[in-house]
Amino acid sequence: MRLLLLEDDRMIGEAIRAGLKREGFTVDWVQDARAAAPVLRSEPFELLLLDLGLPGGDGLELLKSLRERGESLPVLIITARDAVSDRVAGLDAGADDYLVKPFDLDELAARIRALLRRKSGRPSPVLEHQGVMLDPAAHRVTQRGTEVALSPREFALLQLLMERPGVILSRAQLEERLYGWGEEVESNAVEVHIHGLRRKLGGQFILTVRGVGYRLRPVT
Ligand code: CA
């Protein structure tokens, strides 16, 4: 799950990025409001973590312009502005959630998971498909009750496919959702992880759609 963090405080930004990486998220980080808009238009982020007091513009204005463009990306405001009127203004400007600094990283991660769950329209925090259960909070996968040990990338890739059970995702789409800026990506990285998942979950759990991409085996 790839997130964009817009935060100008270096220490807070480093802490959030490191903490969320441990939770399995890929976090790209910009520190200036002007840098955020073009990035949001060109990259497939699942969610925006938005500070309000920023160089290059106000976070609230950025949020309003996102919503005016019809952008439905979930936005979680992270700010030191703790007045009730600030929270109300943030939520009414189109934020999906609002967290006041300082906050606990576990709570931040849990709120992100809740927003992503709501975005995908599923009621349960655990994903299930054909006997495979994936728990994003516990970082745990089981197949018919038996624990399956996955690498962090295999886990992230499986989650991407399980969030969209009927959808075919191309190699490029998977790649840009798995890897952040500056991460070394081998040209066959996605194939390698798919191969690893097939070895662990069975060859038919993920299907190759020739010339298009990958999808989960449909429920018959
Ligand atoms: Ca700030």
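As the structure is a computational prediction, the values presented were derived from the model and not from experiment. Order of listing sets the numbers, starting from 1, for every ligand and every atom in it.
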Asks: Out of the N/O/S atoms in D8, what is the name of the one closest to the Ca ion (ligand 1)?
Replies: OD1
Asks: Measure up the F155 and H139 rings against each other and bin them: parallel (under 30°), tilted (30 to 60°), perpendicular (over 60°).
Replies: tilted
Asks: Can you tell me if, anywhere in D9, an N/O/S atom lies at a distance from the Ca ion (ligand 1) that is smaller than 3.0 Å?
Replies: no
Asks: Any carboxylate oxygen within less than 4.0 angstrom of a Lys/Arg side-chain nitrogen, looking at E7 and K101?
Replies: yes
Asks: What does the angle at the Ca ion (ligand 1) come to, between atom OD2 of D51 and atom O of G53, rounded to 10°?
Replies: 90°
Asks: Can you tell me if T208 and R198 form a side-chain donor-acceptor pair at under 3.5 Å?
Replies: yes
Asks: Scan side-chain atoms only and decide if R122 and S124 contain a donor-acceptor pair under the 3.5 Å cut-off.
Replies: no
